[in-house]
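Presented below is the structure to which this report refers.
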Number of protein chains: 2
Amino acid sequence: MAVTLREVAQRAGVSRSAVSRTFTPGASVSARTRAKVEEAAAELGYSPNALASSLTTGRTKLIGLVSNNFHNPIFLEVFDLFTRTLQERGLKPLLVNLTDETEAANSVRMLRAYSVDGVIVASSTLPPNFAVAFREAGIPVVHSFGRRSDAPDVHVIGIDNVECGRMAARTLAERGYRTVGFLGGPEEATSTQDRLAGFVEECARIGLNCTHSFADAYSFAAGRAEMLRLVAESPAEAYFCGDDVLSIGALSAIREAGLRVPDNIGLIGLNDMEMAGWENISLTTIKQPLSEIIGASVDRVVQMLDAPALPPRCDIFRCEIVERGTLRAPS
Amino acid sequence: MAVTLREVAQRAGVSRSAVSRTFTPGASVSARTRAKVEEAAAELGYSPNALASSLTTGRTKLIGLVSNNFHNPIFLEVFDLFTRTLQERGLKPLLVNLTDETEAANSVRMLRAYSVDGVIVASSTLPPNFAVAFREAGIPVVHSFGRRSDAPDVHVIGIDNVECGRMAARTLAERGYRTVGFLGGPEEATSTQDRLAGFVEECARIGLNCTHSFADAYSFAAGRAEMLRLVAESPAEAYFCGDDVLSIGALSAIREAGLRVPDNIGLIGLNDMEMAGWENISLTTIKQPLSEIIGASVDRVVQMLDAPALPPRCDIFRCEIVERGTLRAPS
DNA sequence: GACGCCGGTGCAACCGGTTGCACTGTGCGA
DNA sequence: TCGCACAGTGCAACCGGTTGCACCGGCGTC
């Protein structure tokens, strides 16, 4: 079915090497030979088999894109950016959905079987040992949206979640809120822990009254359920939600309880996903610079193709407040 | 770096064939040999190279998952289901983002270079010739969410968009709406054309007054912009929107104009994406049976692995109304 | 005119597997 | 006891490419 090197060589009247070199950038072929080969290839509809060549070159240009987050709408933006950025660099994303997989070893085995050149783990909720498993298997790996660390085990590209927590607390203080709450995502996620830690720390420093609780997941339903519980008791004046989708759930709960945002309760999210800007939501939030993070992640994995032993580093991008309609104006 | 067959064979004291057969289900190996091989493999951390074996078997278990739709939140659900369904069957999705690609030939070349066993084109807005290009290149292909046809050029799995249009019209009529409108997605998309055709046809049959217009894209912003325009003139009593995300944009526009849904204007969407069920949206919509469509798409592509010449067929799944809060009760 | 250099080419080995075929040894029935 | 079937094994060729090396011819230089 598929046309091979050999057939092209025969038709062009040259050796297989000549054909191979014609399709290898930088190889030495005369203009005459190249012309003959290209003509024959065009007639036959030949295109080189990338997998066969990977056998000798050791490069597949396949990158494992691993995530467990297929329910948070921001991940559609994440996948869009990753696939485009990878494609621009001639790399191909092999998508791995970890939703019902807890065992890192299985993913490692699968991605090794496919000789991926590298792996990008895109998740803020996966435990760090997941990425480490790839490194131990000798596969270049970067953990996007991973936990900040001064001496990381693997390359990490992301944000400083502790600092985001502080930033949220400062912002709420500026708006004159005195009793505030943190409505976090899953308690075991490092991102939740860090955001909480920064928030609590800064509240203490500034002198805000601060409570906290957790939703089961980074999801609308979980955010809504938790906020329904909170408003039924004695809610804080404002909440820092662990994530935008959680915020939107919370927003829904607050309005359903007959309260108004930001008049009765203020809300600040994190991520700045597209939906946060929708006019019927208009969420004030902390913007995570997605495309920078993703661009840097791909850059890093590309670097590692040539320097697999590159010492792990953690690159952190600054976040900023995006002002919309869910916090009252500075007092 | 990677452990090979040969090393395992040496360590186990057997031939390379024996090792190969140990890892080939159904091959004939004695228990004794198998044990030796498995021990050696475990010690060395061997896992077979799927790409190398694909050279002789002709199977990579790679499936190209091609889409141009990375902005409609329903596609996160689509990708989630596709990746999980493929993984369950031992297949690996190679994700291709067509967002800035208009030339089918490029995608064909790329996916041929990677010897994918098959391709799934997941899009309701891509022209049909896109999927046809894969078939012509000899790659098994199914077009998910493609256009219904009695004699399709490629395998199509999806819904009957014309019938959805009729269903929307009938539903609006039942609720006593007399002047209705179709707010479609991009005019050139076949899904838009078909939904419109069915809607207009049924309106005429029933005797509803019917107008229509189009948004630039299946997006919140486009739906909102178009509905803002409509409410500024003399809006219909109810609208059938080409898609849920468009409906949510329209909903936002209607409320911003100071009108109420469903009291002043009724709205029905299409898809039933997760967000449509969020309590702060609560969109009445036509449910597209996503997981059935995706399950059937994967089944079909799997069938074609063994029967590439399977005559193209079109499988259509029934849609149903999901009643929520954006249409008034039956009169 | 002899020499050396060098771009261009083909041969053959190799990448990591699979598989048809021939051969061996074992167990069973006659 | 012999013959036979058959499971188990290894050899070697092959899948579709790449690449080190040897070789060839043409050119510029002395």
Side-chain angles (χ1 to χ4, degrees), chain A residues 1-38 40-41 44-62 109-117 138-139, chain B residues 1-38 40-41 44-62 109-117 138-139:
Chain A
M1 168 102 288
V3 184
T4 74
L5 200 64
R6 157 182 261 106
E7 302 170 51
V8 177
Q10 278 170 359
R11 178 160 197 131
V14 298
S15 72
R16 296 188 302 140
S17 323
V19 179
S20 171
R21 290 195 252 258
T22 302
F23 288 95
T24 306
S28 151
V29 206
S30 70
R32 230 169 69 82
T33 311
R34 154 160 272 128
K36 282 195 294 185
V37 169
E38 282 176 346
L44 262 36
Y46 170 74
S47 65
N49 181 330
L51 302 181
S53 69
S54 82
L55 227 40
T56 41
T57 61
R59 289 285 165 87
T60 54
K61 304 203 161 207
L62 251 23
R109 194 171 324 114
M110 189 231 121
L111 288 171
R112 269 228 316 207
Y114 281 81
S115 310
V116 294
D117 288 346
I139 307 177
Chain B
M1 169 100 290
V3 183
T4 74
L5 201 63
R6 157 181 262 107
E7 303 171 50
V8 177
Q10 278 169 358
R11 178 163 197 126
V14 298
S15 73
R16 297 188 301 138
S17 324
V19 179
S20 171
R21 289 194 253 258
T22 302
F23 289 95
T24 307
S28 150
V29 206
S30 70
R32 230 169 69 82
T33 310
R34 153 160 274 126
K36 281 194 294 183
V37 170
E38 281 174 347
L44 263 34
Y46 169 75
S47 67
N49 181 330
L51 302 180
S53 70
S54 82
L55 269 191
T56 40
T57 60
R59 290 285 166 86
T60 55
K61 304 204 161 204
L62 250 23
R109 194 170 325 115
M110 189 231 119
L111 287 171
R112 268 225 318 204
Y114 280 81
S115 311
V116 294
D117 287 348
I139 307 177

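Note that these values count all heavy atoms, side chains included, but never hydrogens, waters or copies made by symmetry. To find a chain, count down the sequence lines: A is the first, B the second, and so on, and within it residues start at 1. Since the structure is predicted, the reported quantities are computational estimates derived from the model, not experimental observations.
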Checklist outcome for this item: Comparing B:Ala18 with A:Tyr46, nearest DNA chain D nucleotide closer to 5' gives the residue B:Ala18

Item to check | Heavy-atom side-chain proximity of A:Val8 to A:Val37 below 4.5 angstrom | outcome: yes

Checklist entry - For the base of D:dG17, is there a side-chain donor-acceptor partner from A:Arg16 under 3.5 Å away? => result yes

Item to check | Nearest-angstrom distance from the residue atom CZ of A:Arg6 to P of C:dC11 | outcome: 12 Å

Checklist entry - Counting only side-chain N and O atoms of B:Ser15, is one of them less than 4.0 Å from OP1 or OP2 of D:dG10? => result yes

Checklist entry - Rounded to the Å, how far apart are B:Lys36 NZ and D:dG8 P? => result 14 Å

Item to check | Pair of N/O donor and acceptor under 3.5 Å linking D:dG8 base with B:Arg32 side chain | outcome: no

Item to check | Closest listed nucleotide, where the reference is the side chain of A:Ala52 and the choices are D:dT18, C:dG16, D:dG16 | outcome: D:dG16

Checklist entry - Nearest-Å distance, CG (A:Leu51) to C1' (C:dG16)? => result 13 Å

Next on the checklist: Quick check: closest heavy atoms across B:Tyr114 and A:Thr60, and the distance to 0.1 Å?
Outcome noted: OH-O, 2.7 Å

Checklist entry - Could you give the CD-to-C1' distance, from B:Glu7 to C:dC15, as a whole number of Å? => result 13 Å

Next on the checklist: On the side chain of A:Arg21, is there an atom forming a donor-acceptor pair with the base of D:dG17 - under 3.5 Å, no angle test?
Outcome noted: no

Item to check | Integer-rounded Å distance: D:dG17 P and B:Tyr114 OH | outcome: 13 Å

Checklist entry - Within less than 4.0 Å of OP1 or OP2 of D:dG16, is there a side-chain N or O belonging to A:Ser53? => result no

Checklist entry - For C:dT9, does either OP1 or OP2 sit under 4.0 Å from a side-chain N or O belonging to A:Ser30? => result yes

Next on the checklist: Just the rounded figure in Å: distance from C1' of C:dT19 to CG of B:Leu5.
Outcome noted: 13 Å

Item to check | Closest to side chain of B:Ser28, choosing from D:dG8, C:dT18, C:dC15 | outcome: D:dG8

Item to check | Expected output: side-chain A:Thr57 to main-chain A:Ser53 donor-acceptor under 3.5 Å | outcome: yes

Checklist entry - Between atom CD of B:Gln10 and atom CZ of B:Arg16, what is the distance when rounded to the nearest 0.5 Å? => result 10.0 Å

Next on the checklist: Counting only side-chain heavy atoms from C-beta out, which of D:dG10, D:dT19, C:dG16 sits nearest to B:Thr4?
Outcome noted: C:dG16

Checklist entry - Within a reach of under 6.0 Å around CZ of B:Arg6, are more than 12 heavy atoms found that belong to other residues, nucleotides or ligands? => result no

Checklist entry - Rounded to whole angstroms, how far apart are CG on B:Leu44 and P on C:dG16? => result 13 Å

Item to check | Spacing of B:Leu55 atom CG and B:Asn49 atom CG [to the nearest 0.5 Å] | outcome: 9.0 Å

Next on the checklist: Under 4.0 Å, heavy atoms only, any strand: does A:Val19 hit a base, just the sugar-phosphate, or nothing?
Outcome noted: nothing

Checklist entry - Can you tell me how far C1' of C:dG17 sits from CZ of B:Arg59, to the nearest Å? => result 17 Å

Checklist entry - Out of D:dG8, D:dT18, C:dG8, which nucleotide sits closest to the side chain of A:Thr24? => result D:dT18

Checklist entry - From the list C:dT18, D:dT19, D:dG17, which nucleotide is the closest neighbour of the side chain of A:Asn49? => result D:dG17

Checklist entry - Is there a donor on the side chain of A:Ser17 or the base of D:dT19 sitting less than 3.5 Å from an acceptor on the other? => result yes

